2 protein chains.
Amino acid sequence: MNNYSKQREAILDVMKQNLIHPTAEEIYYLVLEKEPQISKSTVYRNINILVELGEIKKLNMTLGPDRYDYLYKDHSHAICEKCGNIFDFYDDFNKNEISKKLLKQIGNNMDINSITIYGICEDCKSNNKNKEE
Amino acid sequence: MNNYSKQREAILDVMKQNLIHPTAEEIYYLVLEKEPQISKSTVYRNINILVELGEIKKLNMTLGPDRYDYLYKDHSHAICEKCGNIFDFYDDFNKNEISKKLLKQIGNNMDINSITIYGICEDCKSNNKNKEE
DNA sequence: TTTAAATTAGGAATGATTCCTAATTTCGAC
DNA sequence: GTCGAAATTAGGAATCATTCCTAATTTAAA
């Protein structure tokens, strides 16, 4: 793994230019515009390679297929389990006090790659107030 | 949704007695022992209902199919992205300072259901030191 | 009871992802 | 540059996980 290919390059470009947390399928259609002959299996294979190389990040979703994010520094996510919206936030987990406390609680000196918060966002909370079922 | 059924009861019992973060498939085989005629679709359907009712929690995995956990109070997870191990830790996110700070960073007053930490555990870190590829 | 709604088993269908294969591309050694 | 080994590709088949469909059964409220 790790020879140059214009297909892999095109996928990484798409990720850099679309900071919208696309699914693998969405990445495929975005890449198609520049590489009309690319196959879905190539997209899936390269997404996995890019994740392994640490160039992009996989977001494990509660709802629907997983999503991907071009990895920039100190970037974590909060995901609404009702509507699926993803909120970005920024934090250097290798420096700050929050992660020190979390690490102490875990009792295992992990390298923290990211923190994901799962919850219900403001919008979904207020929409819910009017509902009864 | 919400009539009594012995199948749903059996699934919840399995979850209460097996705090091992099983996959849906594993839950199916565990329930089979008590309900030998239960079908897989019944297991999947009831798992989803129990998640919706808040009786069990879905863990979004980086590796492999999702896993489930019998929900007890103030319980969150750290997942190793290399070996898939799940570490439990305990924290009431609706009370403590950590979640207050996280909420401020998100900029959206979410109800936090849980926090999941993704990283590399101690074991995988030390195993890696000897590897080069 | 009676009846409507919920639930079931079982299998078909779907959706997402990985695997397979033969052809092509990359790249380092000469 | 040329060669050959290793990596990569397109395309489709296969697999895996999950949901959907249907007719029969069970539940629960009137």
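Remember, it's a predicted structure, so these values are computed and weren't measured experimentally. The chains referred to below are lettered A, B, ... by the order of the sequence lines, with proteins before strands, and numbering in each begins at 1.
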State whether a side-chain donor-acceptor pair under 3.5 Å links B:R8 with B:S5.
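No pair is found: no donor N or O on one side chain lies under 3.5 Å from an acceptor on the other.
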Between A:E9 and A:Q7, does any side-chain donor sit less than 3.5 Å from a side-chain acceptor?
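No pair is found: no donor N or O on one side chain lies under 3.5 Å from an acceptor on the other.
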Separation of atom [atom1] in [X] from atom [atom2] in [N], rounded to whole Å:
X: B:R67; N: D:dA17; atom1: CZ; atom2: P; answer: 11 Å
X: B:E9; N: C:dT7; atom1: CD; atom2: C1'; answer: 14 Å
X: A:R8; N: C:dT24; atom1: CZ; atom2: P; answer: 20 Å
X: B:Y44; N: C:dG15; atom1: OH; atom2: C1'; answer: 13 Å
X: A:Q7; N: D:dT9; atom1: CD; atom2: P; answer: 5 Å
X: B:Q37; N: C:dT8; atom1: CD; atom2: P; answer: 10 Å

If you check the A:N48 side chain, which of D:dA10, C:dA9, C:dT18 turns out closest?
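From the listed options, C:dT18 comes nearest.
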NZ/NE/NH1/NH2 to OD/OE distance under 4.0 Å, A:K58 and B:E81
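B:E81 and A:K58: not salt-bridged.
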Looking at A:K34 and A:D13, is there a salt bridge between them, counting it only when a charged N and a carboxylate O are closer than 4.0 Å?
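Looking at A:D13 and A:K34, the cut-off is not met.
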Is [X] close enough to [N] that one of its side-chain N or O atoms is under 4.0 Å from OP1 or OP2 there?
X: B:S41; N: C:dA9; result: no
X: A:N2; N: C:dC27; result: no
X: B:N46; N: C:dT7; result: no
X: A:N3; N: D:dT9; result: no

Within the side chain of B:N108, is there an N or O that forms a donor-acceptor pair under 3.5 Å with the backbone of A:E122?
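Answer holds: yes.
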Check whether any side-chain N or O of A:S76 sits under 3.5 Å from a backbone N or O of A:I115 as a donor-acceptor pair, and report yes or no.
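Judged by distance alone, yes, a pair lies under 3.5 Å.
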Return the 5'-most residue of the pair B:R45, A:A24 with respect to DNA chain C, ranking by each residue's nearest nucleotide.
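Of the two residues, B:R45 wins.
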Return the 5'-most residue of the pair A:S5, B:D66 with respect to DNA chain D, ranking by each residue's nearest nucleotide.
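Upstream on the strand: A:S5.
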Closest-nucleotide ordering on DNA chain D, the 5'-leading residue of A:P36 and A:I49:
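The residue mapped nearer the 5' terminus is A:I49.
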Using C1' atoms of five pairs at each end, report the bend of the helix from C:dT1-D:dA30 to C:dC30-D:dG1 rounded to 10 degrees.
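Here the local axes at opposite ends form an angle of 40°.
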